[in-house]
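The first residue of the sequence shown is numbered 1, and numbering continues consecutively from there.
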Amino acid sequence: MSDLTPGTDAPTSAPARQVPDKVSLDGVEARWDAAWSEQGLYAFDRTATREQVYSIDTPPPTVSGSLHVGHVFSYTHTDVVARYRRMQGAEVFYPMGWDDNGLPTERRVQNYYGVRCDTSLPYDPDFVPPHEGGEGKSIKAADQLPISRRNFVELCERLTVEDERQFEALWRRLGLSVDWSRTYQTISAEARAVAQQAFLRNLARGEAYQAEAPGLWDVTFQTAVAQAELEARDYPGAFHRVAFHQADGTPVHIETTRPELLPACVALIAHPDDERYQHLFGTTVTTPLFGVEVPVLAHPLAEQDKGAGIAMCCTFGDLTDVTWWRELQLPTRSVIGRDGRLLRDTPEWIGTEAGQAVYAELAGKTTFSAREAVVAGLRESGDLDGEPQTTQRKANFFEKGDKPLEIVTSRQWYIRNGGRDEALREQLLARGVELDFHPDFMKVRYENWVGGLNGDWLISRQRFFGVPFPVWYALDEHGEILYDSPLVPSEDQLPIDPSSDVPAGYSSDQRGVPGGFVGDPDVMDTWATSSLTPQIAGGWRTDPDLFSRVFPMDLRPQGQDIIRTWLFSTVVRSHLEHGSLPWSDAAISGWILDPDRKKMSKSKGNVVTPMGLLEEHGSDAVRYWAASARLGTDAAFEVGQMKIGRRLAIKVLNASKFALSFGDPTEPVSLDPAMVTVPLDRAMLAGLADVVEKATAALEAYDHTRALELSETFFWTFCDDYLELVKDRAYAAAEDPTGAASARAALGLALDVMLRLFAPVLPFATEEVWSWWRTGSVHRQPWPEPSALRAAAGDAEAGVVGAAGAALAALRKVKSEAKVSMRTQIAAVTLSVPEALRAGVELALNDVRAAGRVTGSLELVTAEVEVPVAGDAELVPAEPKA
């Protein structure tokens, strides 16, 4: 398999060298990406058994614009793992997906083409969008051209293809070792079929169900929103002290920030222990303005110390209202529609003419306008006690929305996730214990999320570009929809679109007519598809042989902010369908922070696009910055760290060229451990063996940062100390053939190992150097083994290199203080060393003398010093220039 591992079966030499006269990183990304593609270097071998495979559930980035530097950060972490596992002998399954359905794509298409979807319009096969690209600004809905759903979906598909090309180009520039023959789209025919098949099986097992229930609703995007998509934000409001009336006219004051919901009030609720209101429990009061009689009830969620201690329960103002409504079995009196406006028809429960007249003034108004009108009415009726008191309240927002969510009653699809099933919740918590999180503390976030669920997973969305539910409904003789007996296709018919396909036993002319059928109009939440990425990428539906070789997968890499969505939802789907975890390990990346220590995100407008960074600093440099941050740790966007990475990559080139410069370039580089006989050389290999052992342990623990730190620290010591100490001996083959041979073999062996250590992080620089003197690719070579290096090192102590390097530094310091060239010879010197370093310095004394240009006496004495100190030095004056 290998042509490089030092050991009993390893070759004793490498091919002849072809080192360029001038080394450079310029153009290495394009050159090596082309070579890797031509060679199929990262292609997955599907004949490998499951035991031989390391499979990665690669995150499919959202194709809705451009990648940002946060993507580069986390995807580099994954690529380091993939490259390491490949070198460890695993056959790595590393596909790339594109998450191209859902709201982000729709919004981008609306702005890019200046259109919006109108499901009432017919398809236009010759449609041409009004423009392409725009000015990078959002276009108001009123200025967008309405088009049919089919035309809109076609534009979505057109734009995502172009975005995917740009994304792939950037990933290739970054050096991701993805198998580019294995890409998928979350909206492709295969992905739609997988999502629909999984849903149908959930439905058949009773895990998916439809319900008419209160749910969170975004009035801007006109879609239901799941619990996992919420953001709590501060929102300006005002407390209004409002009087309800007992039967004798005595007022009962409540405080509310949403007086516009008075017509939706169904009860007043106080804490059962609140003595102020115990005499009211079981009685009724009348709502102001509307004259509706509502009960006064007790519930422990009422907060005694908040406001008046008694609250109105409306259907629905917030999630607490939903809890009260459900647990106290209250009636439903919703007044806010899907458009965020008060319903235009006067509710039947408002029985008084005065109340009906008040509502007639509110009908069709936005919640803001209705609030103003209700407050004015309360002020006029005398039911407003004092003036509103401004406050900041917490409101729920859709993570992509700009207005507070409303709670609207609607028919939606759900998948059971333990939110209302204690047994299932415990099973999913057990899955979290079974899953290995990296870092481990991220497990708590999973447990907290599952433990805090208060409802099942809402998976339906009222959007256009997504996976449609594979469901139709029969219509009775009156044209009413029979929701309780949905019509479903067989699995071999998938994917289907119920808006154009026809269920078995019906014809297309029966669509929408009494006795006929209608298709379900909704699409699946994007997470309902993304939660099946292992099944989509692994061929669950159409390629069971492949699926058996890659599933359950080994790794799910992802961001910390989507543990509650992507990670959990994938665990739910795998648990329900396969009775297992979808993967054994989860690697959780931290966030990228801007200079103000705020998370970078597109919504905040503080992101940095990566292509310019890759072009300016080089891909290896950017990867170095990313790999310098541990999993689960937030990292600052730091150009300075990229500059350090570029310096390291260039040093790899230069140091390698130097290490390969000895001897006849037409002769092979020796890799024979038996040739390493000098203590200093053996000590260097002993130190390198320690690095290999510790770096391997770190990578096995998904700590790429520690592995990089160890390798980099050794490398700089190797360059600063060992190369300087050994170069004279390496050149002196005529005077000391055994010593020169030892140095050259040690250099070859060390370079061989260090290139492999750096390969996962610096793939371009290491491949460039590898090509100068080795065959094949460094990325298909085995990971180095410490045992082979230890065999070459014998009983040498690694500390010899450090001791000799410190002694050389003392000699150089003398010259530096004398302000003379480092090539100045020393006629005599006394070298004082601490006792702990003396043995090491003695073992390498000849190399110290040569590197320090000591031509005369060198007296070595033991002294109470922390580091070696050179004294009584006699410098040989430089010969005058002719």
With under 30° as parallel and over 60° as perpendicular, where do the rings of F316 and W325 fit, or are they tilted in between?
perpendicular
Side-chain donor-acceptor pair under 3.5 Å between Q356 and T346, yes or no?
no
Judged by atom type as modelled, is there a donor-acceptor pair below 3.5 Å linking the side chain of K443 to the main-chain atoms of G432?
yes
If I compare all heavy atoms of M524 with all of P470, which pair ends up nearest, and what's the gap?
CE-CD, 4.1 Å
Verify whether one side chain among R564 and N448 offers a donor that lies under 3.5 Å from an acceptor in the other.
no
F469 and its side-chain contact (heavy atoms from CB on, under 4.5 Å) partner, picked from D522, L203, V523, V488
D522
Please check: side-chain N/O of R511 versus main-chain N/O of D501, any donor-acceptor pairing under 3.5 Å?
yes
Report yes or no: does R573 contribute a side-chain atom to a donor-acceptor pair with the main-chain N or O of A528 at less than 3.5 Å?
yes
Between F152 and F465, does the ring centre distance come in under 6.0 Å?
no
Check whether any side-chain N or O of R192 sits under 3.5 Å from a backbone N or O of D497 as a donor-acceptor pair, and report yes or no.
no
Heavy atoms of P288 and V242 approach each other most closely as CG-CG1, 3.6 Å
Around E361, counting heavy atoms of other residues, nucleotides and ligands shown, do more than 12 lie under 6.0 Å from its CD?
no
Chi angles and distances behind the side-chain contact (heavy atoms from CB on, under 4.5 Å) call for V571, Y446
CA-CA 11 Å; V571 170; Y446 174 92; 3.6 Å; yes
Step by step, work out the side chain to side chain donor-acceptor pair (under 3.5 Å) result for N202 and R416.
CA-CA 9 Å; N202 291 137; R416 302 187 192 281; over 6 Å; no
Can you list every salt bridge (Lys or Arg N to Asp or Glu O under 4.0 Å) pair that touches residues 334-350, not counting sequence neighbours?
D339-R344
What's the shortest heavy-atom distance between G519 and W472, and which atoms?
CA-CD1, 3.7 Å
Residue from T284, T287, T286 passing side-chain hydrogen bond (donor to acceptor under 3.5 Å, both in side chains) with E293:
T284
Can you measure from CG (L458) to CG (L216) and round to the nearest 0.5 angstrom?
8.5 Å
For I407 against P214, the heavy-atom pair lying closest together
CG2-CB, 3.8 Å
Can you measure from CD (E406) to CG (D318) and round to the nearest 0.5 angstrom?
11.0 Å
With no hydrogens and no angle check, just 3.5 Å: does a side-chain donor-acceptor pair link Q412 and Q462?
yes
Could you tell me whether F199 and W413 have their ring centroids closer than 6.0 angstrom?
yes
Candidates Q196, E577, E207 - the one meeting side-chain hydrogen bond (donor to acceptor under 3.5 Å, both in side chains) with R201
E577
side-chain contact (heavy atoms from CB on, under 4.5 Å) evaluation trace for L378 with L262
CA-CA 11 Å; L378 291 170; L262 272 170; 3.9 Å; yes
Verify salt bridge (charged side-chain N to carboxylate O under 4.0 Å, His left out) between E387 and R379, making sure each step is shown before the conclusion.
CA-CA 9 Å; E387 286 301 306; R379 190 179 286 116; 3.0 Å; yes
Neighbour count >12 (heavy atoms, 6.0 Å) for atom CG, D476
yes
Check against side-chain contact (heavy atoms from CB on, under 4.5 Å), V450 and R431
CA-CA 11 Å; V450 179; R431 291 295 183 202; over 6 Å; no
Strictly distance-based, threshold 3.5 Å: is any side-chain N or O of S381 a donor or acceptor partner for the main-chain N or O of G377?
yes
Classify the ring geometry of Y209 against Y414: parallel below 30°, tilted from 30° to 60°, perpendicular beyond 60°.
parallel
What is the distance from atom OG1 of T62 to atom CZ of R108, rounded to the nearest 0.5 Å?
12.0 Å
Say you draw a straight line from CG of L145 to CD of Q110; how long is it, rounded to the nearest 0.5 Å?
12.0 Å
Is R205 reaching over with its side chain to a backbone N or O of L576, donor-acceptor style, under 3.5 angstrom?
yes
Do V322 and N454 pass the side-chain contact (heavy atoms from CB on, under 4.5 Å) test, and can you show the C-alpha distance, the side-chain angles, and the key distance before you say yes or no?
CA-CA 11 Å; V322 177; N454 55 31; over 6 Å; no
Which atom names give the shortest non-hydrogen contact between L261 and I336, and what distance separates them?
CD2-CD1, 3.5 Å
Residue pair V335 / P347: nearest heavy atoms and the distance that separates them
CG1-CG, 4.2 Å
For A302, does its backbone N or O pair with a side-chain atom of H271 as donor and acceptor, under 3.5 Å?
no
Please confirm whether the backbone N or O of T366 pairs with a side-chain atom of S369, one donor and one acceptor, at under 3.5 Å?
no
Please check: side-chain N/O of W349 versus main-chain N/O of V292, any donor-acceptor pairing under 3.5 Å?
no
Under the 3.5 angstrom rule, does the side chain of H299 hit a backbone N or O of L301 as a donor-acceptor pair?
yes
